[in-house]
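Let me begin by presenting the structure, written as structure tokens, before commenting on it.
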Amino acid sequence: MIGAALLLFSLPQCTTDPAPSVREAPLQGPAHFVQLVEDAANPYSPEKAALGQMLFFDPVLSKDFSLSCSSCHLPERAFTDGKAIAVGVDNREGIRNAPSLVNLAWITEGLFWDGRSPTLEEQAVHPVINPNELGSDWATVLSRLEAHPDYPGYFEKAFGTGIAQQTVVHALAHFQRSLMSSESKYDSVMRGEAAYTDLELHGKHIFFDSSEDLPDGECGHCHTPPLFTDQTYMNNGVQQELAPYHYPDAGRGAVTGVKYDNGRFRVPSLRNITLTAPYMHDGGFATLEEVIEHYNSGGHPGLNVDPKIRKLHFSDEDKRALIAFLGTLTDTSFVRKLSDQKVLLQ
Amino acid sequence: MKQILSLFALAVAVFVAGCGNSDDNGGPATTELTLLATGTYGDDPLVMFERTYEYEDNMALQMQLLQTYLSDIALVYEEDGVEKEELLTDVALVSFGNVFTDEDAAEGVEVVKMEVPVRNYTGLKIGLGVSPVLNATIPPDYDLTHPLSQNYWEDASSYIFFKVEGNADLDADGQFQDKLTYHVGGDNNYSTVQFTGAIDLEKGTPKTLALNIDLQKILIKGDGTYWDFREGQFAHSTTSPAAVFMGENFPNAVRLETR
């Protein structure tokens, strides 16, 4: 008994207790996904995510109260905006397509198309101050939140502390981390609850190179399930090589300084792909048909174009089948209107 | 009283373990062992992209990726006449995808670095690919940081053991426009190798071993038989001729060096 009592007494000394009002609850993913690893520096809680959701949809983060994060990341478009290039405050155009925000809790190899931010927390700093996005500054944002009638109390509830840049970006990170899509038809089939149509099955075989009677689509190498991204950076031949290893947008190469990374971009998830047009880092393809035609043609040649990008010899039926399979990745539960989580903060 | 003291000792031990950093737990003396992997193409360092490697029948290739899983890496020793193993890791993923220079190639890629009991070891065992036991698992069995959380082929119920990707010049015109993508997996393509020789580990003397993987020997057998890229530039199944050819050759393409 004494030993047990000592054991219980000794354990709490190894940890730092959160403030009494702050709840921590590890984020759980679906059973058919890789297991998540809790970030000890910013443990997840529903309250933090609820606060992040409020901030995500609040134009208070923009210079002139005209835009919020959700202006370029609309839930009904799987958190994209339907534009080729994102447009920020003062109608200033950015440089790339607004990426979908899906299953980001699993992303460990960098955010943004070029992977320049290693974590969601670090990523959330930038859109607020980017003149082509929200165009504000952190001092202004923090003073507005401090002066708000509700936010100080919400931060206290979520973090047990006050408003700071760190708590703002931690909240935004957790909201984005909570955006999980795992209820598509693909998932239902994986669980044995649904079956593909013949056309979808035809497309699946092409996608995963799993039939000797059909052309290989080479898609599943990089768009690996269940995330439908392998989190690598690749040159998929979408840009014309201007000179050896030189492309109009250097992408990953501008971050790493490695010339072989020039023209490489993060492989995006294909979940909800039917909702996220236009496609590629530059929004250059308006439709999935154009995307498939690009891959079917082998794309532009280039010294560091991935070897898996080659002429594919699809028939019209193959192309239709591939699009049908991609349609099974749409998760309608993911794109419905988000419920108000404010109650968690009151 | 004796029982109370025993329980107290347990409580203290759990407390110390929970807080980490015990320097002396009374176990065997250890030293740091590093296992590196290096890539070559014959006698040349294996570097990605711009290096041209001559191939059979006037073909040539330039690489973009060589990646492989290694399983059940263990030092071997004898104790009381019985062969025993000191497991270093059950699985590691080794990629030469970021090896761009001769210096990178000489430095090698770290496979495992850990404290190992000092002994006079007699060899090293390595599985080339993912062992059948681990190949029966799936990515959801692991967390994001685990090597087996990726590279899984659902349709083949197998991990992709190794990948060889690059571009070939098949007609000696100086243009590397023919794409090569060989992905090899499946229990039938798993093999183990054991290197025999003294690996003496002494306390306070870190040791480095280097596993060399020779791509040329994966593609060309000792008898001169080679995989003709013109016969197949892709392999995506466990039984495709290219996959089986390379899977068979892999054990002959590795050697162990002491640094």
Side-chain angles (χ1 to χ4, degrees), chain A residues 1-15 29-38 105-109 190 204-205 207-212 216 218 220-221 224-227 230-232 234-235 244-245 256 258-261 298 301 303-311, chain B residues 3-20 48-50 61-65 95 97-98 100 138-146 148-156 160 163-168 175-183 233-237 240:
Chain A
M1 281 295 286
I2 295 173
L6 285 166
L7 178 63
L8 291 170
F9 178 73
S10 63
L11 284 174
Q13 298 177 43
C14 297
T15 59
H32 61 298
F33 279 38
V34 170
Q35 297 160 27
L36 290 169
V37 177
E38 182 76 18
W106 284 269
I107 300 300
T108 58
E109 301 300 323
M190 289 296 292
K204 176 178 181 281
H205 283 309
F207 190 94
F208 290 114
D209 308 341
S210 54
S211 170
E212 293 182 2
D216 292 340
E218 309 283 1
H221 298 290
T224 47
L227 299 179
D230 66 355
Q231 302 199 43
T232 60
M234 74 177 295
N235 182 341
Y245 302 105
T256 65
V258 174
K259 72 174 180 180
Y260 308 114
D261 284 335
L303 291 173
N304 62 339
V305 170
D306 193 278
K308 295 181 285 293
I309 305 299
R310 60 180 176 87
K311 287 185 169 61
Chain B
Q3 188 178 15
I4 291 172
L5 286 175
S6 298
L7 287 166
F8 177 73
L10 171 66
V12 171
V14 170
F15 172 74
V16 170
C19 294
M48 301 299 114
F49 289 103
E50 293 185 81
L61 73 154
Q62 295 178 338
M63 291 297 296
Q64 286 198 16
L65 180 67
S95 173
N98 289 327
F100 301 128
I138 55 175
D141 293 331
Y142 304 100
D143 74 40
L144 273 171
T145 61
H146 196 280
L148 295 178
S149 66
Q150 55 182 314
N151 294 305
Y152 191 71
W153 257 335
E154 276 180 5
D155 285 296
I160 301 172
K163 297 179 179 180
V164 177
E165 298 183 5
N167 296 308
Q175 302 298 310
F176 289 81
Q177 295 176 338
D178 297 291
K179 315 295 183 84
L180 307 176
T181 307
Y182 302 108
H183 291 183
Q233 294 171 228
F234 319 104
H236 303 131
S237 76
S240 75

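Lettering of chains follows the sequences in order, A, B, ..., and the numbering in each one begins at 1. Computed from a predicted model, the values in this text were never measured in an experiment.
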Have a look at Asn235(A) and tell me which of Asp306(A), Val305(A), Ile309(A) forms a side chain to side chain contact (heavy atoms under 4.5 Å, CB included) with it.
Val305(A)

Measuring heavy-atom distances to chain A, does Thr181(B) have an atom under 4.5 Å in its side chain, in its backbone, in both, or in neither?
side chain

Less than 4.5 Å to any heavy atom of chain B: does that hold for the side chain of Thr108(A), its backbone, both, or neither?
side chain

Specify which of Asp141(B), Leu65(B), Thr145(B) makes the most heavy-atom pairs with chain A at under 4.5 Å.
Asp141(B)

Top of Asp155(B), Ile138(B), Ile160(B) for chain A proximity - count of heavy-atom pairs under 4.5 angstrom
Asp155(B)

With only heavy atoms counted, which part of Asp261(A) is less than 4.5 Å from chain B, the side chain, the backbone, both or neither?
neither

Do Glu50(B) and Tyr260(A) have side-chain N/O donor and acceptor atoms under 3.5 Å apart?
yes

Per-residue contact mode, Phe234(B) against chain A (heavy atom under 4.5 angstrom):
side chain

Considering only heavy atoms, which portion of Asp230(A) lies under 4.5 Å from any heavy atom of chain B: side chain, backbone, both, or neither?
neither

With a 4.5 angstrom heavy-atom cut-off, is it the side chain or the backbone of Lys259(A) that approaches chain B, or both, or neither?
side chain

Check His236(B), Lys163(B), Glu165(B) against His183(B) for a side-chain hydrogen bond (donor to acceptor under 3.5 Å, both in side chains) and give me the one that passes.
Glu165(B)

Could you tell me which portion of Glu212(A) (side chain, backbone, both or neither) has an atom closer than 4.5 angstrom to a non-hydrogen atom of chain B?
neither

Out of Leu303(A), Leu227(A), Val37(A), which one racks up the most heavy-atom pairs below 4.5 Å with chain B?
Val37(A)

Give, as side chain, backbone, both or neither, the part of Leu180(B) having an atom under 4.5 angstrom from any heavy atom of chain A.
backbone

Atom of Trp153(B), atom of Ser237(B) and distance for their closest heavy-atom approach
CH2-N, 3.9 Å

Run Asn167(B) and Gln177(B) through side chain to side chain contact (heavy atoms under 4.5 Å, CB included) and show every step you take.
CA-CA 6 Å; Asn167(B) 296 308; Gln177(B) 295 176 338; over 6 Å; no

